[in-house]
**Student:** 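I have a structure here, written as structure tokens, and I will follow up with some questions on it.
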Amino acid sequence: MAKRYPTLKSTTDKAPTSQPTERFYTVGYMPQGTKPNPRPQLTIKGKWLEQFGFYVGCPVIIKIEQGKLVIEIDLQV
């Protein structure tokens, strides 16, 4: 008996899906060899960054507010 594979459905008739407005990450640490107390580190990556204008080499400004980090593209460069 031959295996049945699902047929791919065309998505051309569908409206584009909206981008999520939230992303969830976890603060990790930067290893320092044998030194104690590693530094906290946050790595943000993904193709979605380009969709919002954050390209490789793009300078950014990180603002620190109460309980938040706000990341903006530095347009003054």
Side-chain angles (χ1 to χ4, degrees):
M1 180 179 243
K3 285 187 176 181
R4 293 183 110 186
Y5 294 98
T7 57
L8 295 175
K9 295 181 180 179
S10 173
T11 58
T12 56
D13 59 340
K14 293 183 181 177
T17 57
S18 62
Q19 289 290 322
T21 58
E22 294 180 324
R23 303 280 175 162
F24 299 92
Y25 290 85
T26 302
V27 175
Y29 66 93
M30 180 181 357
Q32 298 180 41
T34 59
K35 295 180 183 177
N37 302 325
R39 295 181 182 148
Q41 173 177 299
L42 183 61
T43 302
I44 301 172
K45 59 184 175 180
K47 291 183 179 183
W48 62 273
L49 288 166
E50 285 184 348
Q51 295 171 346
F52 288 97
F54 293 89
Y55 296 97
V56 173
C58 175
V60 297
I61 299 170
I62 300 175
K63 295 180 181 180
I64 301 161
E65 297 179 6
Q66 194 169 19
K68 329 177 178 180
L69 297 176
V70 178
I71 304 172
E72 299 175 340
I73 297 169
D74 186 0
L75 300 174
Q76 297 180 16
V77 175

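Here, residue 1 is the first one in the sequence, and each next residue gets the next number.
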**Student:** Considering non-hydrogen atoms only, spot the tightest contact between Cys58 and Gly53 and give its length.
**Tutor:** SG-O, 4.0 Å
**Student:** Can you check side chain to side chain contact (heavy atoms under 4.5 Å, CB included) on Ile61 and Ile71, steps first, answer last?
**Tutor:** CA-CA 6 Å; Ile61 299 170; Ile71 304 172; over 6 Å; no
**Student:** Check whether more than 12 heavy atoms from other residues, nucleotides or ligands sit under 6.0 Å from atom CD1 of Ile64, and answer yes or no.
**Tutor:** no
**Student:** Quick check on the hydrophobic clustering: are Val70 and Val60 connected, directly or via other members, by side-chain heavy-atom contacts under 4.5 Å?
**Tutor:**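 As far as the 4.5 Å side-chain criterion goes, Val60 and Val70 are not connected within one cluster.
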**Student:** To which residues is Tyr55 joined in a hydrophobic cluster, defined by side-chain heavy-atom contacts under 4.5 Å among Ile, Leu, Val, Met, Phe, Trp and Tyr, whether direct or through other members?
**Tutor:** none
**Student:** Do Met30 and Tyr25 share a hydrophobic cluster (ILVMFWY, side-chain heavy atoms under 4.5 Å, transitive)?
**Tutor:** no
**Student:** Can you list, by chain and residue number, the hydrophobic cluster partners of Val56 when the side-chain cut-off is 4.5 Å?
**Tutor:**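 Besides Val56, the cluster holds no residue at all.
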**Student:** Residues two or more places apart in sequence or in another chain: which of them pass salt bridge (Lys or Arg N to Asp or Glu O under 4.0 Å) with Glu50?
**Tutor:** none
**Student:** Looking only at heavy atoms, what is the nearest atom pair of Leu42 and Thr26, with distance?
**Tutor:** CD1-O, 4.1 Å
**Student:** Do Ile62 and Ile44 share a hydrophobic cluster (ILVMFWY, side-chain heavy atoms under 4.5 Å, transitive)?
**Tutor:**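 Result: yes, single cluster for both.
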**Student:** Running the 4.5 Å side-chain criterion over Ile, Leu, Val, Met, Phe, Trp and Tyr, what cluster does Tyr29 land in, apart from itself?
**Tutor:**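 Cluster partners of Tyr29: none, it stands alone.
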**Student:** Please collect all salt bridge (Lys or Arg N to Asp or Glu O under 4.0 Å) contacts where either partner lies in residues 22-48, sequence neighbours excluded, each pair once.
**Tutor:** none
**Student:** Show me the pairs that pass salt bridge (Lys or Arg N to Asp or Glu O under 4.0 Å) and involve residues 58-71, at least two apart or across chains.
**Tutor:**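 Listed once each, the pairs are Lys63-Glu72.
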